[in-house]
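Heads up: the structure comes next, in structure tokens.
Values reported hereafter were calculated over all heavy atoms of this structure, with side chains retained and with hydrogens, waters and symmetry mates removed.
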Amino acid sequence: SSSKSLLTHLVQIAFLAVSFLCSFTHSHGIHSTMGIKLYFSTVSSNLEMKKQQQRIEMVLSSKKIDFEILDVAASDEYKAKMREIIGNPRALPPQIFNEDTYCGTFEQFEESVENEELTTFLKMK
């Protein structure tokens, strides 16, 4: 059982390391004063969710918009805050915020990109 305990500790340490790295602000330049926050899950078997999260990161990075990833899989506090602000106790990531102001879902994000209204969607104007 000591090897099982050691393995459990190693898994927890690895998980914390990944969470710590993921919580750093992704810095890309021009809109550095904005507080775009992406509530993501780094631990998900849901391929669609992973694709959505990658798409959001790609679009924001390509437009040089700073963002911070908050991993709901690493923090019940992040998950609770995300759901509280949205007002939906079952809300799932990815969800997009400007500081503590809710911007919307992945679908709404995609629509804003297609309509060239991303800065409006992100409440940057």
Side-chain angles (χ1 to χ4, degrees):
S1 83
S2 68
S3 63
K4 187 177 181 182
S5 174
L6 178 62
L7 181 61
T8 303
H9 285 304
L10 288 173
V11 168
Q12 289 172 334
I13 290 166
F15 187 74
L16 288 171
V18 168
S19 302
F20 178 75
L21 290 171
C22 290
S23 69
F24 272 99
T25 301
H26 292 250
S27 187
H28 298 286
I30 356 182
H31 301 289
S32 59
T33 58
M34 300 316 299
I36 303 304
K37 295 183 179 178
L38 309 176
Y39 283 79
F40 279 11
S41 176
T42 57
V43 181
S44 173
S45 57
N46 183 329
L47 189 59
E48 190 61 28
M49 182 187 292
K50 287 179 182 176
K51 286 181 179 177
Q52 291 176 355
Q53 292 175 169
Q54 288 171 343
R55 168 81 177 141
I56 294 168
E57 284 187 82
M58 187 189 77
V59 169
L60 294 180
S61 295
S62 72
K63 297 192 178 291
K64 301 193 179 350
I65 296 172
D66 284 354
F67 58 91
E68 179 180 0
I69 293 176
L70 303 171
D71 184 7
V72 301
S75 168
D76 287 337
E77 189 180 320
Y78 288 156
K79 187 189 300 179
K81 184 172 184 177
M82 172 188 82
R83 290 175 170 174
E84 179 187 330
I85 295 171
I86 295 171
N88 177 351
R90 292 200 177 101
L92 296 173
Q95 299 289 341
I96 305 156
F97 294 76
N98 187 331
E99 291 299 336
D100 289 340
T101 303
Y102 183 52
C103 298
T105 62
F106 173 77
E107 289 75 17
Q108 294 164 320
F109 171 83
E110 278 291 78
E111 191 176 310
S112 76
V113 172
E114 287 172 27
N115 296 330
E116 297 183 3
E117 297 170 346
L118 183 59
T119 54
T120 304
F121 169 78
L122 294 174
K123 305 183 187 318
M124 294 170 66
K125 284 185 174 178

Between OH on residue Tyr39 and CD on residue Glu68, distance to nearest 0.5 Å: 8.5 Å
Flag side-chain contact, heavy atom, 4.5 Å: Glu99 against Lys37: yes
Heavy-atom closest contact (Thr105 atom, Ile96 atom, distance): O-CD1, 4.1 Å
CD on Glu77 to CD on Glu84, rounded to 0.5 Å: 10.5 Å
Non-hydrogen atoms of Asn98 and Cys103 that approach each other most closely: N-SG, 3.5 Å
CD1 on Ile36 to OG1 on Thr101, rounded to 0.5 Å: 9.5 Å
For Ser61 against Phe67, the heavy-atom pair lying closest together: OG-CE2, 3.6 Å
Neighbour count >12 (heavy atoms, 6.0 Å) for atom CD, Glu111: no
Heavy-atom closest pair, residues Ser41 and Met49: CB-SD, 4.0 Å
Nearest heavy-atom neighbours spanning Gln52 and Pro94: OE1-CD, 3.4 Å
Closest approach of Ala73 to Asp71 (non-hydrogen atoms, all atoms of both residues): N-OD1, 3.0 Å
side-chain contact (heavy atoms from CB on, under 4.5 Å) assessment of Lys81 paired with Asp100: CA-CA 9 Å; Lys81 184 172 184 177; Asp100 289 340; 3.2 Å; yes
From CD (Gln108) to CD (Gln95), nearest 0.5 Å: 8.5 Å
Gln53 and Leu38, any side-chain heavy atoms less than 4.5 Å apart: no
Matching residue for Val113 among Leu60, Ile56, Val59 - test: side-chain contact (heavy atoms from CB on, under 4.5 Å): Val59
Any Ile65 side-chain heavy atom under 4.5 Å of Met124 side chain: yes
Arg55 vs Met58 side-chain heavy atoms within contact, under 4.5 Å: yes
From CA spacing to verdict: side-chain contact (heavy atoms from CB on, under 4.5 Å), Glu107, Glu110: CA-CA 5 Å; Glu107 289 75 17; Glu110 278 291 78; 5.8 Å; no
Plane angle bin for Phe97 and Tyr102 - parallel if under 30°, tilted between 30 and 60°, otherwise perpendicular: tilted
Hydrophobic cluster identity match, Leu92 and Met82, side-chain contacts under 4.5 Å: no
Check: Glu57 and Ile69 side chains under 4.5 Å, non-hydrogen atoms: yes
